[in-house]
2 protein chains.
Amino acid sequence: MTIRDIANAVGVTPTTVSNVINGNYKKVSQKTIDKVQKVIKETGYIPNKNARALVKNSSKIIGVIFPKTIEGFMQNPFHSQILTGIEKVISAKEYYLMIKSIDTYEDMYQLMQNWSVDGFVILSLIGYQLPKLEKFKDVPVVFIDTYYEELKYINIGSEDYEGEYNAADYLLEMGHESIGFISYHIDYPSVISMRLNGFKDALKNKGIPFNHSNDVLEIEEINFDDAECSNRILDFVKNKTGICVSADILAIEIMEVLKDNGYSIPDDISIIGFDNVYLSKLVNPKLTTINQDIIEKGNIAAEKLINMIEKKNNKEPNIKIPTNLVIRDSVKKINQ
Amino acid sequence: MTIRDIANAVGVTPTTVSNVINGNYKKVSQKTIDKVQKVIKETGYIPNKNARALVKNSSKIIGVIFPKTIEGFMQNPFHSQILTGIEKVISAKEYYLMIKSIDTYEDMYQLMQNWSVDGFVILSLIGYQLPKLEKFKDVPVVFIDTYYEELKYINIGSEDYEGEYNAADYLLEMGHESIGFISYHIDYPSVISMRLNGFKDALKNKGIPFNHSNDVLEIEEINFDDAECSNRILDFVKNKTGICVSADILAIEIMEVLKDNGYSIPDDISIIGFDNVYLSKLVNPKLTTINQDIIEKGNIAAEKLINMIEKKNNKEPNIKIPTNLVIRDSVKKINQ
DNA sequence: CTGAAAGCGCTTACAG
DNA sequence: CTGAAAGCGCTTACAG
């Protein structure tokens, strides 16, 4: 069933049918509009989007790009919450959602040109991976959690520095004097490196010395069956009373390792996370953490992108989602 | 940049370029193939997929359909694990992934016809929602976790009946004699109703009476701040020593409610879940549950669908992923 | 207000 | 082995 079939059934031309479908009502008489809409309704005709995209060079498709991760695409609860936020807005605004997890930007160009994708949301990609950005010139892009000095595109981030500053400061205020920072591999600049900066400055402002090799532990992946992995953590923790972990998921796994090795939390060691994922209030002890509204982050990213697409507006400002401390049960007050 | 530009640059016609792009090598001399590929490489030309989809009436897009849920699209860890499995296969086979969460099937038809989607994976939809299936005749569809007698399409499910039978039987074997079943709203037939059947038959085979209104509790949604919700759970649990919960996520929330109300698990009450989501080994106590390989389920769904698309094969058999009991810390042995 | 015609960028018989 | 031509289903100036 094509636009021509409808035209024949009504007794008009495809031009006229196209005009009513596209709401160009000034060009068509009310009588014709009614007839055409009636037939469309009766037949259940749906226009072919490929044909339309071909001629308009625009598809109403929004591409969402995730980094390929070890544990797999959506296994990261942070990613799935972001996607929840994005999907909600995209579907409300009647766009389509195409998803791809990529290793390199080449894969993304393909997607872009292939389908005349109208815009992209790009998640958590490391700055130095960014290619010459000129290639994007024509397609609106919104980044999420990407730090990159030369980034010419809007980024939706969080108060990473401020949040981790507050996390460390809270530990300090609770009487901890020897605290450490644990994270996944640290790229520079990145969400994690900004959080580390916040951690360092909190120490500095309280006059506590910082020594990277003693106070920072990078972990690729927690493997519960790997003694070496556990040992690195146990070793790191030995002379400390509190730990800032750069992400809740990692914090929760570290708590598991510690508990499995006889540590009691927070009595033996205090832990504070970051993100406030859904999980963090379900674990034991409930995780004290830094909250950010992840779904809202997805919402904003999608809204800004659609703004850029529809208003041809490329000067949307960067946005930082606020963070705040959520006190639960994983940090203990130390008597000084 | 179009196929015509490439043709001009090489000094051939679009027909020839199209043939080398599509691998019709018998129709082109090696010399020409080389020249065309060289220019394509140099220019970074990527064919327009919309044009191709328009003429071939096929897009290499696979649509994945999720039910709209209260908590939001990807907030359900079960859904995100399925998607992880699907995405892996789809991207390995060089298909594209379009995602939509829907309320009704109408939305799905749109997607299908709009983009000439090659096939669908449809998740967790309730049988009675299914429309007259003839509409699908032309498009391969794979269902996941859909029970429907007249389902003419392949379904990838799990051993829901067997799994819950084993869960209940395990509780019984551990000496529990008064046990209940808690789930979200029960549709018939559905994953949950099949699990309930397994629960009932386990009781029956041990000669224990079953009374629906006393032994089954349906909950729409856990609201931690709603006293009425907590009270229903506390009430239900009062005269029981063990509970089978139809899904880990729900089991974990119920444990929270019980713990908040002074229950100690498993000492005061034993809980067993279903699904073995990632979370279940991170909560306290670690949840005893029925394992199913959710990612594998996604993999299989995508593989079967692509088989159907490429082999024009509609006779793929239904598949049931096996389940098995995973004993952790949320069930206590009772002395009789 | 309506229609004829060209064109979006491909693919595919068909002729040579 | 190569090319001319038609067509996929739309939209969009343009003429009337």
Side-chain angles (χ1 to χ4, degrees), chain A residues 1-37 39-40 43-61 96 109-118 138, chain B residues 1-37 39-40 43-61 96 109-118 138:
Chain A
M1 169 139 321
T2 72
I3 203 171
R4 166 146 273 123
D5 297 325
I6 303 296
N8 290 340
V10 179
V12 295
T13 59
T15 302
T16 301
V17 176
S18 174
N19 277 328
V20 353
I21 289 174
N22 292 296
N24 301 327
Y25 293 146
K26 316 124 245 168
K27 298 190 175 179
V28 194
S29 72
Q30 188 60 44
K31 206 167 159 189
T32 307
I33 293 177
D34 293 342
K35 281 195 289 184
V36 169
Q37 284 177 335
V39 173
I40 287 179
T43 55
Y45 164 72
I46 296 170
N48 182 310
K49 288 274 183 189
N50 288 306
R52 167 185 277 222
L54 179 59
V55 32
K56 299 194 75 153
N57 194 25
S58 150
S59 60
K60 286 254 171 192
I61 296 173
Y96 295 87
Y109 293 138
Q110 294 253 354
L111 191 60
M112 178 172 76
Q113 306 204 23
N114 271 335
W115 295 107
S116 314
V117 167
D118 283 353
D138 309 323
Chain B
M1 171 140 320
T2 72
I3 203 170
R4 165 146 273 120
D5 297 325
I6 303 295
N8 290 341
V10 180
V12 294
T13 60
T15 303
T16 300
V17 176
S18 174
N19 278 327
V20 351
I21 289 173
N22 291 296
N24 300 327
Y25 292 148
K26 316 125 240 168
K27 298 191 174 179
V28 193
S29 72
Q30 188 59 46
K31 206 167 161 188
T32 307
I33 293 176
D34 293 342
K35 279 195 291 188
V36 170
Q37 286 177 334
V39 174
I40 288 178
T43 54
Y45 164 72
I46 296 170
N48 181 310
K49 288 273 182 191
N50 289 306
R52 168 185 277 222
L54 179 59
V55 33
K56 300 194 76 153
N57 193 26
S58 149
S59 60
K60 286 259 172 186
I61 296 174
Y96 294 86
Y109 293 139
Q110 294 252 356
L111 190 61
M112 180 171 76
Q113 305 202 28
N114 270 336
W115 296 107
S116 315
V117 167
D118 283 353
D138 309 323

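Throughout, protein chains are lettered first and strands after them, A, B, ... in sequence-line order, and every chain is numbered starting at 1.
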* Would you check if the side chain of D5(B) reaches a backbone N or O of T2(B) as a donor-acceptor pair within less than 3.5 Å? =>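 Indeed, once roles are kept as given, a pair shorter than 3.5 Å links the two residues.
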* To do: Using heavy atoms and a sub-4.0 Å distance, could you list which residues of residues 21-35 of chain B are near DNA chain C? By number, please.
  =>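 Result for residues 21-35 of chain B: N22(B), sorted by number.
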Separation of [Y] [atom2] from [X] [atom1] (nearest 0.5 Å):
X: S18(B); Y: I6(B); atom1: OG; atom2: CD1; result: 12.5 Å
X: R52(B); Y: S59(B); atom1: CZ; atom2: OG; result: 11.0 Å
X: T32(B); Y: K27(B); atom1: OG1; atom2: NZ; result: 14.5 Å
X: T13(A); Y: N8(A); atom1: OG1; atom2: CG; result: 10.0 Å
X: T15(B); Y: N24(B); atom1: OG1; atom2: CG; result: 11.0 Å
X: K56(A); Y: D118(A); atom1: NZ; atom2: CG; result: 10.0 Å

* Asked: Does anyone know the first and last nucleotide of DNA chain D in reach of chain B, 5' to 3', at under 4.0 angstrom to a heavy atom?
  ->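 Range of nucleotides within reach of chain B: dC1(D) to dG9(D).
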* For V28(A) and V36(A), run side chain to side chain contact (heavy atoms under 4.5 Å, CB included): C-alpha distance rounded to whole Å, both residues' side-chain angles, the deciding distance at 0.1 Å, then the answer. => CA-CA 10 Å; V28(A) 194; V36(A) 169; over 6 Å; no
* To do: Tell me which of I3(A) and T16(B) sits closer to the 5' end of DNA chain D, going by the nucleotide each one is nearest to.
  =>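 The residue closer to the strand's 5' end, by nearest nucleotide, is T16(B).
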* Name the nucleic acid region contacted by T2(A), choosing base, sugar-phosphate or nothing; use a 4.0 angstrom heavy-atom cut-off, strictly under. =>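 T2(A): backbone/sugar contact only, no base atoms under 4.0 Å.
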* Asked: Which stems, defined as runs of 3 or more consecutive Watson-Crick or G-U wobble pairs with both pairing distances under 3.5 Å, involve DNA chain D?
  ->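 As far as DNA chain D goes, consecutive pairing (with distances under 3.5 Å) yields the stems C:1-3 with D:14-16, C:5-12 with D:5-12, C:14-16 with D:1-3.
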* Asked: What is the minimum heavy-atom distance between N50(A) and W115(A), and which atoms define it?
  ->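 Result for this residue pair: OD1-CZ3, 3.9 Å.
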* Test Q30(A) against D34(A) for side chain to side chain contact (heavy atoms under 4.5 Å, CB included), laying out the working first. => CA-CA 6 Å; Q30(A) 188 60 44; D34(A) 293 342; 3.0 Å; yes
